[in-house]
Amino acid sequence: MATLNNGVKTFIVQGLATYMTPSEVAEAVNQEFGITITRQQVAKYDPHKAAGVNLAQKWQDLFKQFRDDFNNDIQAIPIANKAYRLNMLDRMARDAEKSKNRPLAAALAEQAAKEMGEVFTNKQKLDHQSSDKSMTPTVNNFNGDAQAASQAYQDIMGGK
């Protein structure tokens, strides 16, 4: 097992905090530092894994900092931006059209239309009605009219 200096350990923690797999981190360490390490050795630097249960507080704090920064800076990733994706699709569609690849151009146009129609979002339309419409919510806006509100209450309760 290779002995790691703080620079390599920081690199490992940053990789894991940015959702790289232990195998990906081990390969990146080999490319960056020329050190061969196992994925099991890498996993010891992830406080969310069983292997990292005894990780020093210093590395746990660094992991949390990197993870929070990564999650909060999601807009810095170009493909996460709708305008960037549409621009990329536009360039690809133009290239497909130039090369007379009509099926690809049509597929890219469809992809752009889906992007504009927000097909790829988690937004959901909620229908607050029951299937037989008996539980349909009503909006009563009495605008401070206490007598109308009182009358509506009495109508609902079946009283006078």
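Only this structure's heavy atoms are used, side chains among them; waters, hydrogens and symmetry mates stay out. In this text, all values refer to a predicted model and were calculated from it rather than measured experimentally.
The shortest heavy-atom contact between Thr21 and Leu16 is C-CD2, 4.5 Å. Taking all atoms of both residues into account, the shortest heavy-atom contact from Ala96 to Leu108 is CB-CD1, 4.3 Å. Residues Met20 and Glu24 approach most closely at CA-OE1, 3.3 Å, considering heavy atoms. Scanning both residues, Tyr45 and Leu55, for their nearest heavy atoms gives O-CD2, 3.5 Å. Between Ala105 and Ala93 the shortest heavy-atom distance is CB-O, 4.3 Å. Closest of all the heavy-atom pairs between Ala26 and Arg39 is CB-N, 4.4 Å.
Within the 3.5 Å criterion, the main-chain N or O of Lys82 finds no donor-acceptor partner in the side chain of Glu115.
For the atom pair OG1 (Thr3) and CD1 (Ile37), the distance works out to 11.5 Å, reported to the nearest 0.5 Å. Atom-to-atom distance recorded for Met92:CE and Asn87:CG is 11.5 Å, nearest 0.5 angstrom. Interatomic distance, Thr18 OG1 to Asp69 CG, rounded to the nearest 0.5 Å: 11.0 Å. Note that CD1 of Ile12 is 6.5 Å distant from CD of Gln41, once rounded to the nearest 0.5 Å.
Applying the 6.0 Å contact sphere to CG of Asn54 captures no more than 12 heavy atoms from other residues, nucleotides or ligands. Atom CD of Gln60 has more than 12 neighbouring heavy atoms from other residues, nucleotides or ligands inside a 6.0 Å radius. Open room surrounds CD on Gln147; 12 or fewer heavy atoms of other groups in view lie less than 6.0 Å from it.
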Derivation and outcome, side chain to side chain donor-acceptor pair (under 3.5 Å), residues Gln65 and Asp61:
CA-CA 6 Å; Gln65 178 188 346; Asp61 294 343; over 6 Å; no
Step by step, work out the side chain to side chain contact (heavy atoms under 4.5 Å, CB included) result for Tyr84 and Ile77.
CA-CA 10 Å; Tyr84 175 86; Ile77 301 170; over 6 Å; no
Please evaluate residues Trp59 and Asp46 with respect to the criterion side chain to side chain contact (heavy atoms under 4.5 Å, CB included), reporting the C-alpha separation (whole Å), side-chain torsions for both, the decisive distance (0.1 Å), and the verdict.
CA-CA 9 Å; Trp59 301 115; Asp46 188 342; over 6 Å; no
Before you tell me yes or no, could you show the steps for Arg67 and His48 under side chain to side chain contact (heavy atoms under 4.5 Å, CB included), namely the whole-Å CA-CA distance, both residues' side-chain angles and the distance that decides it to 0.1 Å?
CA-CA 12 Å; Arg67 176 68 55 95; His48 298 134; 4.1 Å; yes
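Thr10 has its side chain within reach of Phe66: a pair of non-hydrogen atoms, C-beta onward, lies under 4.5 Å apart. Contact annotation: the side chain of Phe11 never approaches that of Asn5 to less than 4.5 Å [non-hydrogen atoms, C-beta and beyond].
Val25 and Tyr19 sit in two unconnected hydrophobic clusters of ILVMFWY residues. Membership requires side-chain heavy atoms under 4.5 Å apart, directly or through other members. Phe63 and Phe70 are members of different hydrophobic clusters when ILVMFWY side chains are connected at heavy-atom separations under 4.5 Å. Connection of Leu4 to Leu62 is established within a shared hydrophobic cluster, with ILVMFWY side chains joined at heavy-atom distances below 4.5 Å, either directly or through further cluster members.
Remark: Asp68 engages Lys64 in a salt bridge, criterion side-chain N to carboxylate O under 4.0 Å.
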